[in-house]
Amino acid sequence: MATLLYRLGRGAFRRRRWVTLAWAAVVLGVVLGAMSAGEAADDSDSMPGIESQHAFDLINKRFPGAEAEGAGARIVLVAPDGRQVTATEYRAAIDTLVAEVADGPQVAAVSDPLDASTVSEDGSTAYATVTYEVTEDHVTDAGRADLTAAVEQARTSGLTVEAGGGAVAGEPPAGIGEFLGIGVAAVVLLITFGSLAAAGLPLITAVVGVAVTLASIVALGSALGMSTADGDLAMMIGIAVGVDYALLVVSRYREERAKGHDAREAAGLAAGTAGSAVVFAGLTVVIALAGLSVIGVPSLTKMGMAAAGAVVIAVLITLTLVPALLGFWPDALLARRVRRVRRVRRVRKGRSAPPARRFRKGPARGAARRAGEAGAWSVRWARFVQRRPVPVLLGSAVLLGALAVPALDLRLGMPGDEAKPTSTTERRAYDALADGFGPGFNGPLTVVVDARGADDPRSAVAAVSDRLAGTAGVVNVAPPRFNAAKDTAVIQAVPSTAPTSERTEELVHTIRDERHATESATGATFEVTGTTALNIDVARKMTDALIPYLLVVVGLAFLLLLVVFRSVLVPLKAALGFLLSVGASFGALVTIFQNGHGAGLLGVEETGPVMSTMPLMLVGIVFGLAMDYQVFLVSRMREAVVRGERPAEAVVTGFRYSGRVVTAAAVIMTSVFAGFMTGGETLLKMVGFGLAVAVLFDAFVVRMAFVPAVLVLLGERAWWLPRRLDRLLPRVDVEGEALGRRTPAPALAAVPDADRQGSVPA
């Protein structure tokens, strides 16, 4: 592996113009393909294997033309205190509102808000239902603007008028996530490398990778059923890993230059050693993201595959385009002080060579001393762990364990309009309906009765309706609506509690558990669906899929790390550390977004259950990224062991050369994820916060404390591998042992101290 990548890196450096032109052609090709691509079919919301989805499909089949998930909106009208919305003084304004909305684009129908069934008992609140001809994703901005204008006009009558529903919500408020992440990455890279060129190169290659990924998603959208929404995660992951992987290779290139290698040889060695770590780190991320397909949810499968594609592209760019760009600026990527010392050396070479002592008293010696101090913190920390491994191990484990305790109360769901800020009309409409009609009105249960097997379909449907009305927790049951064949009916049942309440979930389970007797007596079958039931079913599906997903991903990654490190205990330790960090992340999510402690600091106004897909997304993404840090850090320790260092001293060596790189990579990745918290949507805040704290816990607690403490305590046993297994496993040479035999470093005596030390990033 190392030899192959060494040749690839040297070849890309030598043929840098052709490699750069090839990537430019790839970017141009995918962009042109994206511009000419057709629109992708939108089927990402399908949730196969759950009762709610089966019931939705039955509605679409038995009620042709009436989309179960079509676009809709509710206009809520609230009279001032002490008045009723049905008063004559408001009639003209309400009629004008209905007429203007009905004339709007894509609107199929608008109900009368003063109908008896849509006015609250006290007469203070009423609502109109707006039905659109298209699905939610296809409601145009013009259609939303027309509805908003009609609502604004109606407010001049003195009524409080708000609008909610899927057709009202457009794109969430844009944050500064991407710009913040890239900005912080630029600052961190500049501090790390001390060179504008070295800081800019990882950013350039990461942007190229993201551009290729997003354009490819659009170009292949119609063929693979992907949409631009699938690119959100791909963009987030692509920026993070693209910068991190290039950072590792550039750092190793500077290190090899410091040892005295020429630029092309240093590029080859960087690709052969750091590039090998990038390949296997990327494979772990791809395994984790592609593993989302085992859950059986199309939206997660597409999202995971798109993000995995972004990682593959980032790896390819790191192994080819990065060495090529190194060839254009071979010395510009070195620290300024190193370039200055090299110029001084070249000038002095043209004259008579000064005595060595006189040379070392000049600026070179000062530069060397400053460079050595720059990475001293990582070595000092490694020495501290080496001296006190037990307290460090116990402290890190207790800290993460304590943070994980709130995760025991984790509740999954899908927050709706109630989780939006009160500044939005959707949230105000939700609150007005809850006040006027009860908290359960915002999440009615839809019961689909299939009476084809009943002797008397109408009597069977009536029996189901009576059973629903008599169920504790149901406050209202609407008259059944039959299809044209009169063999299927839809019944709306309103719970007494809010959609995200635990009591509503218990009610859904009660209705399903008690239906057997009704079905046996009537010959009709029924299923419970609706947005509330769908969210409950999705949460259960995600919970049930978590353990199988963990087994698949951790199992495959264990085998991969077994090959990389040729050790049984190192992969086990990596998996245990990951479980600690992800558990602490779950605990932090529950503490803030579910229990509300500190929620105001993040701008979260309403707490509730954690998003159903969040645990699986968090596990998949963080596991892959955690293995990145594992490979970056421990591969240098393994390299030191292979070259004869004692295991405890190899831990210090790994920190000396990779500690600063891992720290910079973690800060960059955390800033990228945290940037998504700047958006207005609670779900985006939740995703950004969860990923950001998970990276922080894993990089700074697990990889910087837990991992080295365990390795120090294990000593030689950390690298134990049964002989039979040693013969069976392929040798991939991630440490570059073969390269050490092929390309010995030049004599360091020929290189001034400032050149040797000044460009070592750690």
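The shortest side-chain heavy-atom distance between V687 and M614 falls under the 4.5 Å cut-off. Put simply, the side chain of V311 reaches to within 4.5 Å of the side chain of I237, judged on heavy atoms. Looking at F593 and K685, their side chains come closer than 4.5 Å, going by heavy atoms from C-beta outward. Contact annotation: the side chain of M303 never approaches that of L292 to less than 4.5 Å [non-hydrogen atoms, C-beta and beyond]. Between L550 and F578 there is a side-chain heavy-atom pair separated by less than 4.5 Å. The shortest side-chain heavy-atom distance between V85 and T125 does not fall under the 4.5 Å cut-off. Residues R540 and I50 are not in side-chain contact: their nearest non-hydrogen atoms beyond the backbone lie 4.5 Å or more apart. Using a 4.5 Å cut-off on side-chain heavy atoms (C-beta onward), D112 and T118 make no contact.
Judged purely by atom type and a 3.5 angstrom limit, S465 has no side-chain atom pairing as donor or acceptor with the backbone of V461. Between the side chain of E519 and the backbone N or O of F526 there is at least one donor-acceptor pair closer than 3.5 Å. Without hydrogens or angle criteria, Q153 side chain to T96 main chain gives no donor-acceptor distance under 3.5 Å. Formation of a donor-acceptor pair under 3.5 Å by the R74 side chain with backbone atoms of Y127 is not found in this model. In terms of modelled atom types and a separation under 3.5 Å, the side chain of T532 and the main chain of G443 share a donor-acceptor contact. Remark: the backbone N or O of T529 is not paired with any side-chain donor or acceptor of E51 at under 3.5 angstrom. With T510 contributing its side chain and E506 its backbone, the two residues share a donor-acceptor pair below 3.5 Å. Using modelled atom types, one side-chain atom of N535 and one backbone atom of T531 make a donor-acceptor pair closer than 3.5 Å. A distance-only check finds no donor-acceptor pair linking the side chain of T446 to the backbone of Q492 [under 3.5 Å].
Aromatic pair Y549/F623: centroids not less than 6.0 angstrom apart.
The two residues L147 and Y132 have their closest heavy-atom pair at CD2-OH, 3.8 Å. Residues F586 and V619 come closest through the heavy atom pair CZ-CG2, 4.0 Å. Shortest non-hydrogen contact noted between T518 and T522 is O-OG1, 2.8 Å. Of all heavy-atom pairs between S585 and L618, the closest is CB-CD2, 3.8 Å. Closest approach of R427 and T422 over heavy atoms only: CG-CA, 3.7 Å. Considering every non-hydrogen atom in both E133 and V107, the closest pair reads OE2-O, 3.8 Å.
By the 6.0 Å and 45° rule, R83 does not stack over the aromatic ring of Y90.
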Exercise for the section: Apply the test side chain to side chain contact (heavy atoms under 4.5 Å, CB included) to residues V477 and V447: give CA-CA distance (whole Å), side-chain angles for both, the deciding distance (0.1 Å), then the verdict. Expected result: CA-CA 10 Å; V477 176; V447 179; over 6 Å; no
Practice task
Any chance you could lay out the side chain to side chain contact (heavy atoms under 4.5 Å, CB included) test for M235 and T213, step after step, and finish with the verdict?
Solution key: CA-CA 8 Å; M235 178 176 62; T213 300; over 6 Å; no
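Among S124, P113, S157, the single residue meeting the side chain to side chain contact (heavy atoms under 4.5 Å, CB included) criterion with L77 is P113.
For the atom pair CZ (R411) and OG (S612), the distance works out to 11.0 Å, reported to the nearest 0.5 Å. The CG atom of L433 sits 5.0 Å away from atom CG of N442, with the distance rounded to the nearest 0.5 Å. For the atom pair CE of M542 and CE of M617, the computed distance is 11.5 Å after rounding to the nearest 0.5 Å. Taking OG1 from T471 and CZ from R515, the interatomic distance works out to 12.5 Å, rounded to the nearest 0.5 Å. To the nearest 0.5 Å, the span separating CG on L468 from CG on N476 amounts to 11.5 Å. Going from atom CG of D146 over to atom CG of D103 covers 8.5 Å, rounded to the nearest 0.5 Å.
One finds no salt bridge joining K61 and D487 here, because no Lys/Arg side-chain nitrogen approaches an Asp/Glu carboxylate oxygen to under 4.0 Å. Using a 4.0 Å cut-off between charged side-chain N and carboxylate O, K541 and D537 make no salt bridge. Under the 4.0 Å criterion applied to side-chain N and carboxylate O atoms, R155 and E162 are assigned as salt-bridge partners. Under 4.0 Å is where a charged nitrogen must lie from a carboxylate oxygen, and between R428 and D431 no such pair does.
Counted within 6.0 Å of CG on D455, heavy atoms from surrounding residues, nucleotides or ligands total 12 or fewer; the atom is thus considered open.
For the residue pair T497 and R503, no side-chain donor N or O sits within less than 3.5 Å of a side-chain acceptor on the partner.
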